[in-house]
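In what follows, a single structure is set out as structure tokens and then discussed.
Per chain, numbering begins at 1; letters A, B, ... match sequence-line order.
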Number of protein chains: 2
Amino acid sequence: MSSAADVTPAGRVSGIDKIERRRIALAESALKTLGELGYARTSLREIANNSEFTHGVVHYYFRDKIDLISYCVRYYKTKCAQRYDEVVETATTPDELGAGFLAKMTQTLVEETAMHRLWYDLRAQSMFEEQLRADVVAIDQLLEEMIWRILSRYAELLGAKPSVDAATAYALMDGLFEQAVVAFADDPTGAPERLVQRVGQVLPKLITT
Amino acid sequence: MSSAADVTPAGRVSGIDKIERRRIALAESALKTLGELGYARTSLREIANNSEFTHGVVHYYFRDKIDLISYCVRYYKTKCAQRYDEVVETATTPDELGAGFLAKMTQTLVEETAMHRLWYDLRAQSMFEEQLRADVVAIDQLLEEMIWRILSRYAELLGAKPSVDAATAYALMDGLFEQAVVAFADDPTGAPERLVQRVGQVLPKLITT
DNA sequence: GCAAAGTCTTGACGACTGTCAAAGAACGGG
DNA sequence: CCCGTTCTTTGACAGTCGTCAAGACTTTGC
């Protein structure tokens, strides 16, 4: 498992980078705990216990709990942004793009279940805690753009055009994905296959030839 | 404001009914607080404070916190089940059904924002707390059937058939609605209109003439 | 009208939370 | 090597949480 807190080849890190690396290391550890327990049940002490640090260190690098969570969310954002970009860039046929998209979708559903659970949790929490709202909105925007890149490229390869706007397309795909995440949490059996079947059902309806 | 704990005209209530009425009154009060604060920030004392009862009463009628929340969820379920049934039964043309559906959808978005926020919160929590899972799954099932009644009736009035299965249709509609609820929580301006526009965009694509 | 059952209030408990401050360790420049 | 800065540990704080129990009040059955 690679850590983002690796030192440079020179063995030294500049001061500002060092504290940034600590923050990243803490965020990664916190995300692991958050994904396991959810926002409500995760305490700073629990985060510290599941890491190599003590609970005092957390407060040395983050002003308070919201600051930490907020940082985690922003850090997480950078990871899921370009998850599908490779598929979009390499696919040369509609089928290839569709298959690649579905494959990546089920892969992330299975391999990063905890992160997705956490995302839907945090999005719900943002409706009650306005301090989370800005970060959540930003991630939603990012995901919407990602879906739009896929859909418009898919239409382009078919010599067609998307028949819905970006926000609608994202809401539809997200609805299917969240359903799969909830179902997967309840019983992993068959959830990925059902997701593939349903997305495959819907995707052709979102373009006009 | 009518309470579900009204006494019968005779002024007496049977023993079993009385405790059931208390539970309902407590659940309604709890739902108000839950919708305002969300699952994580709602304590039993807060529920009691926002009601006419003391915190001891809560524990007299409910074994523990999960028992109360679970009861609230089941109680809430019965209210949203037949929300759209009237529209389905009275509409005689596709446009009438579509318009009625959209009108009810935006109405409940605006008037019952808190309840919807709570629902998406609880569904997310159910992925971490398995005690909530059964109730959440039951409600999801109910909502899926509701959407299916609308869509299949809509298709019927058009002399057509739905082009997606019930689970897919529900996931799509739910994705659009959740997007609207989140957007509405952030900024109520225009969210209902955007929801109408998007659902109107999608609905025709879910049937094959 | 009295005893028994049911209902409610009050106060307490142990555990947990976020936050902070003071003491200690590690480190780097002089 | 030593001293000042940076980092870390530890322990404590005030508050809140869910839970429970002992007693007071109310209703019911006879």
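Spacing between atom CG of A/Asn49 and atom C1' of C/dG18 amounts to 15 Å, rounded to whole angstrom units. In this structure, the CG atom of A/Asp64 is 17 Å from the P atom of C/dT17, given to the nearest Å. As rounded to whole Å, 12 Å separates atom P of C/dG18 from atom CD of A/Glu129. Between the P atom of C/dT19 and the CD1 atom of A/Ile47 lies a distance of 11 Å, rounded to the nearest Å. Atom pair A/Arg22:CZ and C/dA26:C1' shows a separation of 12 Å (rounding to whole Å applied). Between the P atom of D/dC17 and the CD atom of A/Glu46 lies a distance of 20 Å, rounded to the nearest Å. Rounding to whole angstrom units, NZ of residue A/Lys65 and P of C/dG18 are separated by 4 Å. The distance between atom CZ of B/Arg45 and atom P of C/dA12, rounded to the nearest whole Å, is 12 Å.
Shown here are the ring pair (Phe, Tyr, Trp, His ring centres under 6.0 Å) partners of A/Phe101, two or more places apart in sequence or in another chain: A/Tyr84.
For B/Arg41 and D/dT16, the shortest distance from a side-chain N or O to OP1 or OP2 is not below 4.0 Å. Between B/Ser43 and D/dT16 there is no side-chain polar atom (N or O) within less than 4.0 angstrom of OP1 or OP2. A/Tyr60 has no side-chain polar atom (N or O) that falls below the 4.0 Å cut-off from OP1 or OP2 of D/dT9. The side chain of B/Thr54 contributes no N or O atom lying less than 4.0 Å from OP1 or OP2 of C/dC8.
In this structure, B/Phe62 reaches neither bases nor backbone, as no heavy-atom distance under 4.0 Å exists between it and the strands shown.
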Assess the residue pair B/Lys205 and B/Val164 against the criterion (side chain to side chain contact (heavy atoms under 4.5 Å, CB included)); give the C-alpha distance rounded to whole Å, side-chain angles, the decisive distance to 0.1 Å, and a yes or no.
CA-CA 9 Å; B/Lys205 303 188 193 305; B/Val164 294; over 6 Å; no
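Where B/Glu52 and A/His55 meet DNA chain C, the nucleotide closest to each residue was compared, and B/Glu52 sits on the side nearer the 5' end.
In this structure, the nucleotide among D/dG18, D/dC7, C/dT9 sitting nearest to the side chain of A/Tyr61 is D/dC7. Here the nucleotide nearest the side chain of A/Lys18, chosen from D/dC7, C/dT7, D/dT19, is D/dC7.
Ring centers of B/Phe184 and B/His116: at least 6.0 Å apart, outside the cut-off.
Between A/Asp165 and B/Arg198 the shortest heavy-atom distance is OD1-NE, 4.2 Å.
A donor-acceptor contact closer than 3.5 angstrom is absent between the side chains of A/Arg74 and A/Thr78.
The base of D/dT19 is not paired with the side chain of B/Arg63 by any donor and acceptor separated by under 3.5 Å.
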